[in-house]
Amino acid sequence: MSEPESRDFIRQIIHDDLESGKHKEIVTRFPPEPNGYLHIGHVMSICLNFGVTDETDGRTFLRFDDTNPGKESEEYVAAIKNDVRWLGFDWQDRLTHASDYFGRLYEYACKLIELGCAYVDSLSAEDMRNYRGTLTEPGKDSPYRDRSMEENLDLFQRMRAGEFADGEHVLRARIDMGSPNINLRDPALYRIRHITHQHTGDEWCIYPMYDFAHTLSDACESITHSLCTLEFEDHRPLYNWFLDQLKPPHRPRQIEFSRLNLAYAITSKRKLNSLVEEGIVTDWNDPRMPTIVGMRRRGYPAAALRDFVTRAGVTKKDKLIEMGVLENCVRENLGDIAERRMAVLRPLKVVLTTYPQDEVEMMAAMNHPGRPELGTRELPFSRELWIERDDFMEDAPRKFFRLKPGGEVRLRFGYIIRCDEVIKNDAGDVVELRCSHDPDTRSGTGTSDRKVKGTIHWVSCQHAGNADVRLYDRLFTAANPNSAADFHTVLNADSLQTVAAMLEPALASLVVGEAVQFERLGYFCLDSEDHSAAAPVFNRIVTLRDSWAKIEKQALQKQS
RNA sequence: UGGGGGAUCGUCUAGUGGUAGGACUACGGACUCUGACUCCGUUAACGGGGGUUCGAAUCCCUCUCCCCCAGCCA
């Protein structure tokens with residue numbers, strides 16, 4: 001029974017650490033900075049950090065890395081909590097902030113000074129940059145590097161007491177200005193910021209830097225495995241240096257994995273923010289955004305997102321994953337659970353000349369072809385119907401199985417009809433079709449069992465509901481917009497299209513948060529922001545696979 | 001050209017000295033009252049060159065390419 005299922009390299013390390021007895025329990029943390037919304041890349045990190053502790057009965061902290069007041073806010077804290085919960089994870093009582101540890105961090109900093117491992121520098125930011133050297137040249141020591149321990153302690157205490165202005169001094173680690181690893185060239189530990197912190201108010205006017213705060217927050221929470229992305233790989237020596245000098249009771253281990261990049265999407269907070277600021281999208285939760293709030297509003301199920309990052313895997317290799325993988329996960333999830341409905345996105349009128357003027361028949365329609373237990377609903381059928389414009393072609397190629405002049409097609413859950421006449425307006429556009437139906441072919445009860453190749457969907461005109469349906473496409477035209485010099489040059493101008501659709505009556509009782517399949521079209525849900533009963537608004541979550549579109553595309557390519 | 005990482009089908013990922021496997025895509029077919037779903041099949045990869053070995057994706061040498069780092073951001 002027990003397949004030797006392959007573990008990713010991090011789970012392997014964790015497994016080994018448990019097996020060897022190095023750890024009795026695994027403790028991880030998801031440490032977002034509350035300065036923006038979470039995106040698909042964070043989903044990866046959340047699922048990994050909470051995943052490994054779910055699997056091993058460990059614990060995971062949700063820790064807000066709030067060390068840079070002014071850039072961070074409680075608005076984001078609330079949104080992030082909501083996102084993590086929605087994704088299906090529970091931090092229980094382990095909601096923390098780096099700022100919870102400011103007191104202990106300050107003591108650790110003092111200890112570093114006492115150890116001769118930190119000093120107060122009074123160089124300007126610009127001078128500090130000049131002293132740092134470059135990638136190929138070593139830096140040089142600050143003239144303040146050899147201040148006495150007593151002077152450093154005094155200065156640092158006065159920094160804390162608010163005696164100095166922003167930028168006047170900074171606490172730095174005393175490591176090696178000649179190190180080939182720039183992170184070790186006396187990195188800054190504390191800077192002065194006379195600003196109110198969203199969590200600690202005015203208690204502090206000095207704030208710790210990421211490397212220092214993060215390492216020791218991990219230690220304070222007895223994190224066993226501190227999982228982060230590849231760009232922090234060359235911070236690890238610094239991470240370990242802090243632990244070596246300060247010897248906290250718990251020694252966490254940092255392990256890095258590669259980020260998840262989604263093709264045709266960006267995940268830089270700065271760039272996502274400019275999409276919002278410049279009005280290219282409506283907000284962070286625009287359904288085209290790769291943010292968790294955006295994908296949720298779009299209708300992507302949390303389970304599909306979890307499945308997606310599992311398929312992407314955990315490695316150290318740079319990855320750019322095709323959209324199709326995500327879309328496939330969404331389809332797979334929704335295919336099982338979404339009930340089927342009928343809606344016409346681009347309506348074309350059909351009049352059944354052979355059908356009685358005032359008759360209405362109720363057709364039984366299956367709610368899910370693979371799950372009969374979901375039952376059926378009644379679909380009103382009448383003389384005048386809407387069908388999809390795309391389902392009629394005047395000059396149809398051989399392989400076109402839908403309606404064409406003189407041709408026959410089945411109306412799903414209805415009758416087989418034949419197109420007898422095409423009505424056009426003065427401009428020559430097709431505006432209506434006159435068709436006749438075969439009364440012996442009613443679905444289920446038909447006395448004729450003859451078959452036609454095509455089946456199309458429809459909605460009865462007099463019973464149709466109206467709705468705006470928003471059709472989304474990728475935001476960018478380039479697979480890797482991150483590498484474009486200016487992402488504006490690779491924006492997809494047609495990422496949003498709104499159509500006035502016709503709906504079957506049962507759709508009126510759909511509730512926000514529930515996805516349905518519009519047969520032959522895709523999966524849809526009500527828009528959580530803009531929908532109202534008076535003016536329904538749907539989002540297209542994802543299309544169905546469409547092999548006809550592929551055939552058409554190939555035909556077009558042959559022509560050109 | 002300092003330091004740190006990484007190279008397996010188009011994409012993602014297994015494989016740690018013994019038949020290179022899976023998923024997504026693509027292509028072909030079966031089925032179908034959703035051109036969906038499902039099912040079947042096909043194409044398709046170890047970055048290059050040396051070496052060790054009966055045998056190398058895996059070990060050694062070497063080359064090449066890609067990513068990250070010079071915030072008082074995280």
Side-chain angles (χ1 to χ4, degrees), chain A residues 5-6 8 31-33 35 65 67-68 71-72 121 123-125 128-130 132-139 166-172 179-185 187-193 206-207 209-211 213-214 228-237 256 258-260 263 269 308 311-329 331-332 335-336 340 342 365-366 368-370 399-402 409-414 416 441 443-444 446 451-457 479 517-522 543-551:
Chain A
E5 75 204 72
S6 77
D8 60 65
E33 182 186 14
N35 70 342
D65 222 328
T67 55
N68 193 4
K71 287 193 173 178
E72 298 155 358
D121 199 356
L123 245 27
S124 68
M128 238 179 98
R129 192 181 327 120
N130 294 140
R132 188 154 33 231
T134 68
L135 292 179
T136 51
E137 304 159 48
D166 287 10
E168 215 172 315
H169 303 287
V170 60
L171 183 73
R172 299 178 73 175
S179 172
N181 181 342
I182 292 179
N183 296 116
L184 263 20
R185 317 237 264 232
L189 266 27
Y190 268 90
R191 73 286 218 195
I192 302 170
R193 285 257 200 291
I206 56 171
Y207 294 97
M209 300 289 292
Y210 164 83
D211 289 293
H214 193 260
C228 64
T229 43
L230 247 31
E231 66 270 28
F232 294 104
E233 208 151 17
D234 49 17
H235 290 236
R236 183 160 21 105
E256 311 85 10
S258 63
R259 302 181 92 97
L260 181 157
K269 274 184 194 170
F308 172 66
R311 292 192 204 197
V314 181
T315 64
K316 300 190 73 158
K317 194 167 71 166
D318 292 341
K319 45 185 146 224
L320 182 64
I321 303 178
E322 292 171 347
M323 268 283 192
V325 180
L326 211 205
E327 292 181 338
N328 185 65
C329 291
R331 285 191 194 105
E332 206 165 278
D336 286 340
R340 313 286 114 132
M342 299 239 267
M366 276 182 298
H368 191 115
K399 290 206 275 190
F400 186 79
F401 305 145
R402 288 112 88 166
V409 76
R410 169 168 288 283
L411 295 176
R412 176 94 159 140
F413 304 125
I416 291 176
T441 58
S443 278
K451 299 207 182 288
V452 288
K453 187 72 181 162
T455 299
I456 64 172
H457 57 98
Q517 182 193 106
F518 289 174
E519 292 215 19
R520 304 210 307 132
L521 296 172
T543 62
L544 253 28
R545 268 206 201 82
D546 187 352
S547 50
W548 171 249
K550 226 169 357 190
I551 294 167

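Because only heavy atoms are used, hydrogens play no part in the values below, and waters and symmetry mates are left out as well, while side chains stay in. Since we're looking at a predicted model, the values are computed, not measured. Convention: sequence-line order gives letters A, B, ...; per-chain numbering from 1.
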rU32(B) to rU25(B) separation - C1' atoms, rounded to the nearest Å: 23 Å
Excluding sequence neighbours, so at least two apart, what forms side chain to side chain donor-acceptor pair (under 3.5 Å) with N328(A)? R545(A)
Non-neighbouring partners of R402(A) that pass side chain to side chain donor-acceptor pair (under 3.5 Å), sequence neighbours left out: D391(A)
Contacts of H457(A) meeting ring-ring contact (aromatic ring centres under 6.0 Å, His included) (sequence neighbours excluded), chain-then-number -> none
Inter-nucleotide P distance (rU52(B), rA45(B)), Å rounded: 28 Å
Round to the nearest Å and state the distance from D318(A) atom CG to rG6(B) atom P. 11 Å
With sugar-phosphate taken as primed atoms, P, OP1 and OP2 and all else as base, the protein-contact string of nucleotides 40-48 of chain B at under 4.0 Å (heavy atoms; B, S, -) is ---------
Separation of K317(A) atom NZ from rA57(B) atom C1', in whole Å? 12 Å
Suppose we define a pair by two distances each less than 3.5 Å, Watson-Crick or G-U wobble; what does rC65(B) pair with here? rG6(B)
Determine the Euclidean distance between corresponding P atoms of rC24(B) and rC60(B); express it in Å to zero decimal places. 35 Å
Could you tell me how far rC40(B) sits from rC33(B) if I compare only their C1' atoms? Round to whole Å. 23 Å
rG35(B) and rC9(B), which share atom name C1', separated by this distance in whole Å: 28 Å
C1' gap between rC66(B) and rG47(B), integer Å: 11 Å
Can you tell me how far P in rA44(B) sits from the matching atom in rG22(B), rounded to whole Å? 14 Å
5' to 3', nucleotides 68-74 of chain B under a 4.0 Å protein heavy-atom cut-off (B base, S sugar-phosphate only, - none) gives BBBSBSB
Spacing of L184(A) atom CG relative to rG3(B) atom C1', expressed in whole Å: 10 Å
Would you say rG6(B) has OP1 or OP2 under 4.0 Å from some side-chain N or O of K319(A)? no
Strictly below 4.0 Å: does T315(A) bring a side-chain N or O up to OP1 or OP2 of rU13(B)? yes
Any donor and acceptor pair, going by atom type alone, linking the side chain of N181(A) with main-chain N or O of D234(A) inside 3.5 Å? yes
By salt bridge (charged side-chain N to carboxylate O under 4.0 Å, His left out), E168(A) pairs with (sequence neighbours left out) none
Hey, is the main chain of R132(A) close enough, under 3.5 Å, to the side chain of R185(A) for a donor-acceptor pair? yes
Which glycosidic conformation, syn or anti, is assigned to rG48(B) if syn requires a torsion within 90° of zero? anti
On a whole-Å scale, what distance lies between the C1' atoms belonging to rU11(B) and rU43(B)? 16 Å
K316(A): which residues meet the salt bridge (charged side-chain N to carboxylate O under 4.0 Å, His left out) condition with it, sequence neighbours left out? E233(A), E256(A)
Test of understanding: with side chain to side chain donor-acceptor pair (under 3.5 Å), list the residues that count as partners of R172(A), not counting sequence neighbours. D121(A)
Shortest non-hydrogen contact from R191(A) toward R193(A): CG-NH1, 3.6 Å
Counting any heavy atom closer than 4.0 Å, what does I416(A) reach on the DNA or RNA strands: base, sugar-phosphate only, or nothing? nothing
Using the salt bridge (charged side-chain N to carboxylate O under 4.0 Å, His left out) criterion, which residues pair with R311(A)? Sequence neighbours excluded. D307(A), E332(A)
Can you tell me how far C1' of rC67(B) sits from CD of E233(A), to the nearest Å? 10 Å
Taking only residues two or more places apart in sequence or in another chain, which ones pass salt bridge (charged side-chain N to carboxylate O under 4.0 Å, His left out) with E137(A)? none
Generate the contact string for nucleotides 19-35 of chain B. Rules: B means base contact, S means sugar-phosphate contact only, - means no protein heavy atom under 4.0 Å. ----SSSSS----BBBB
Side chain to side chain donor-acceptor pair (under 3.5 Å) partners of K319(A), counting only residues at least two apart: T315(A)
